[in-house]
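Below: one structure, written as structure tokens.
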Amino acid sequence: MSALTVVPIYGASWRGLLEVAPPESAHLDDQHRRQFAERFGDLGTALPQRLDAWSVERPATSPFAWSPRRARRSLGNAALRRLVAGSPSVREAVEDVITDRLLSAAAGLARPGTLAHWLSSLAAPTRAIVIGEAATWATSLVELSQALEAPWHPAPADAYYAIAGARTSLRAAREIIVTGPTRVVVRVRAGSPGRSAGAGLRADLAIDALAHPHGELAGRLVGVWPEAGLALAVEGTLEDARAGARHLLRAARRACATAPLSVVAA
Amino acid sequence: MTSLLESLRSAPHERALSDESVVRRLLGRLESWLDSTGEPLTLRAPRELAHGPASALGRLRGVAVHQMVRLAAAGYDWDNPARDALSTWRAESEGELTVELGRLDAEERAALLAELDAHAVVLRRSLGPIAPGWMPRAGQRVRVVLGGGRLVLADVVDLMLGVVGEHASVALIDVTSAPLGPGAEARLAYHALCQTLRTSHVPLASAVLSSATGEVIHRYVDEALLDEALSQLRLRVEEPA
């Protein structure tokens with residue numbers, strides 16, 4: 001397993017982390033996927049579950065409810081994609097993204113609990129707060145990307161992988177893909193990195209490779225914490241991906257163990 | 001009257017090139033005296049102690065003014081700033097202060113709303129419309145960990161304009177609902193230091209604005225200001241608990 005690299009963002013070492021070719025990239029093959037699915041299948045998960053780096057790093061999470069801060073990543077990432085496609089400003093990009101969601105809600109296409117449904121329930125001032133939060137998120141991404149010299153593009157979506165026969169899906173957050181000599185995946189988080197940040201990054205590395213049509217591991221998986229001015233990176237080695245898979249399996253076991261008795265019995 | 005943002009727009013065209021050596025020097029100085037400190041310590045921007053601890057009404061005024069800054073940064077054209085600020089804050093918050101707001105009788109509530117509208121007038125006059133091209137960010141949090149966790153500098157910048165680039169181009173604006181006191185300069189210096197350490201780039205300017213009086217103090221950030229911030233930080237770290 002490779003050591004975690006820690007560098008300050010915005011400086012020369014940050015550019016180096018994204019633009020200097022990592023070691024030759026590896027692949028996950030069908031056998032890896034099969035073994036992985038068998039281990040999850042053995043857990044006998046009673047209810048469908050979704051795991052991500054958060055489940056690896058912070059097992060106990062409160063029930064989800066939309067708020068301006070929780071909406072900012074999804075809207076901010078979509079705004080970055082619009083900005084790259086030619087939107088004149090971050091704010092207009094965010095407003096366009098929100099308008100699309102509102103139109104979908106008005107057309108009856110938004111299910112209860114979705115972001116679009118929640119946005120449609122907000123009064124204008126609260127929607128402005130959402131716009132501000134999303135614009136702040138997107139501006140941080142613009143700031144990060146402006147420091148890059150290598151070609152990059154916004155991630156089209158997070159990486160998703162459903163484990164066959166295990167009622168478990170995995171999600172890896174990703175904001176920016178650097179397409180230099182090898183693919184480097186950048187994901188951005190609020191706050192500052194905790195002790196389990198490396199485990200979360202390795203989990204994201206494994207999920208990203210599982211979601212890739214050819215099982216290709218990213219050359220590097222870089223986590224960025226703009227509020228702390230820090231980036232942490234793991235190399236895209238098979239050992240790191242295996243470690244990520246083990247973290248995910250442990251998180252799934254924990255989730256099964258803490259499931260309500262009625263659910264386990266069901 | 002020239003607004004704060006207009007003053008910043010007409011900032012000197014010769015903006016300093018971002019220079020990572022400034023940060024290396026600051027970190028070197030910090031590390032030299034951090035070695036002698038004891039327990040891990042988290043510091044925030046120095047408070048305005050001249051006015052004493054804020055009452056519940058004072059804190060309500062503070063959170064509402066910060067909501068106004070968030071709305072202004074989002075380009076929201078408010079008709080009823082006080083009500084909009086309080087309603088958006090209540091939608092996101094719970095706890096003691098929301099209970100306090102609920103406890104206000106009709107007279108107290110009307111007085112608070114009137115007072116908040118006056119703060120909104122000052123904000124509008126001082127900030128003006130914030131163009132999207134200024135890349136505004138409201139409530140930008142900063143958490144810089146130094147000396148392997150021995151010292152954490154935590155900060156929230158009410159309004160940040162511009163993005164880190166080749167030239168110094170970021171302006172930091174602290175908005176307070178109280179009149180400016182003797183701690184205002186220390187606050188703007190602290191914001192500048194945190195931003196410099198977080199991004200390895202020196203910001204262009206740092207300012208403190210009072211929405212109560214319209215007073216503004218702003219400084220272009222240079223090494224002298226950062227040195228001043230570092231000296232104040234050392235005093236706070238070394239002062240007896």
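Worth knowing before you read on, the calculation uses all heavy atoms, side chains too, and leaves out hydrogens, waters and symmetry mates. What you see is a predicted model, and the numbers here were worked out from it, not measured in a lab. Per chain, numbering begins at 1; letters A, B, ... match sequence-line order.
- Between the R70(A) side chain and the A65(A) main chain, a donor and an acceptor come within less than 3.5 Å of each other.
- Heavy-atom distances place no part of P88(A) under 4.5 Å from chain B, backbone and side chain included.
- Checked options I177(A), L80(A), I176(A), L83(A); the residue passing with P154(A) is L80(A) (criterion: side chain to side chain contact (heavy atoms under 4.5 Å, CB included)).
- Remark: the backbone N or O of S55(A) is paired with a side-chain donor or acceptor of D52(A) at under 3.5 angstrom.
- Along residues 1-10 of chain A, the residues that come nearer than 4.5 angstrom to chain B, judged on non-hydrogen atoms, are P8(A), I9(A), Y10(A) in order of number.
- With respect to R81(A) and E175(A), no salt bridge is recorded, no charged nitrogen being found less than 4.0 Å from a carboxylate O.
- Of the listed residues (V94(A), L230(A), V130(A), I129(A)), the one with the most heavy-atom contacts under 4.5 Å to chain B is I129(A).
- Residue Q140(B) touches chain A through its side chain alone, counting heavy-atom pairs closer than 4.5 Å.
- Only the side chain of S89(A) comes within contact range of chain B, with heavy atoms under 4.5 Å apart.
- Here R124(B) does not pair with D117(B) in a salt bridge; the nearest charged N to carboxylate O distance is not below 4.0 Å.
- Judged by distance alone, the side chain of R61(B) and the main-chain N or O of L112(B) form no donor-acceptor pair under 3.5 Å.
- Along residues 106-117 of chain A, no residue comes nearer than 4.5 angstrom to chain B, judged on non-hydrogen atoms.
- Of the two parts of A138(A), neither the backbone nor the side chain holds a non-hydrogen atom closer than 4.5 Å to a non-hydrogen atom of chain B.
- The candidate from M160(B), R83(B), R141(B), M135(B) with the greatest count of non-hydrogen atom pairs under 4.5 Å with chain A is R141(B).
- Of the residues considered (G133(B), G139(B), S87(B), P132(B)), P132(B) shows the highest number of contacts with chain A, using heavy-atom pairs under 4.5 Å.
- For the pair R171(A) and W54(A), the cation-pi criterion (under 6.0 Å, within 45° of the ring axis) is not fulfilled.
- Contact count against chain B (heavy-atom pairs under 4.5 Å) is highest for A124(A) among A123(A), A124(A), S67(A).
- Contacts of A147(A) with chain B are absent, with no heavy-atom separation under 4.5 Å from either backbone or side chain.
- Between L122(A) and R127(A) the shortest heavy-atom distance is O-NH2, 2.9 Å.
- Closest heavy-atom contact between A79(A) and A93(A): O-CB, 3.5 Å.
- A salt bridge links R183(A) with D208(A); the closest basic N to acidic carboxylate O contact falls under 4.0 Å.
- When all heavy atoms of W152(A) and S145(A) are compared, the closest pair comes out as CZ2-CB, 3.3 Å.
- Here T136(A) is the residue among T126(A), V90(A), I131(A), T136(A) with the most heavy-atom pairs under 4.5 Å with chain B.
- Residues W14(A) and V222(A) come closest through the heavy atom pair CZ3-CG1, 4.0 Å.
- For the side chain to side chain contact (heavy atoms under 4.5 Å, CB included) criterion with V157(B), the lone passing option out of L172(B), V175(B), V170(B) is L172(B).
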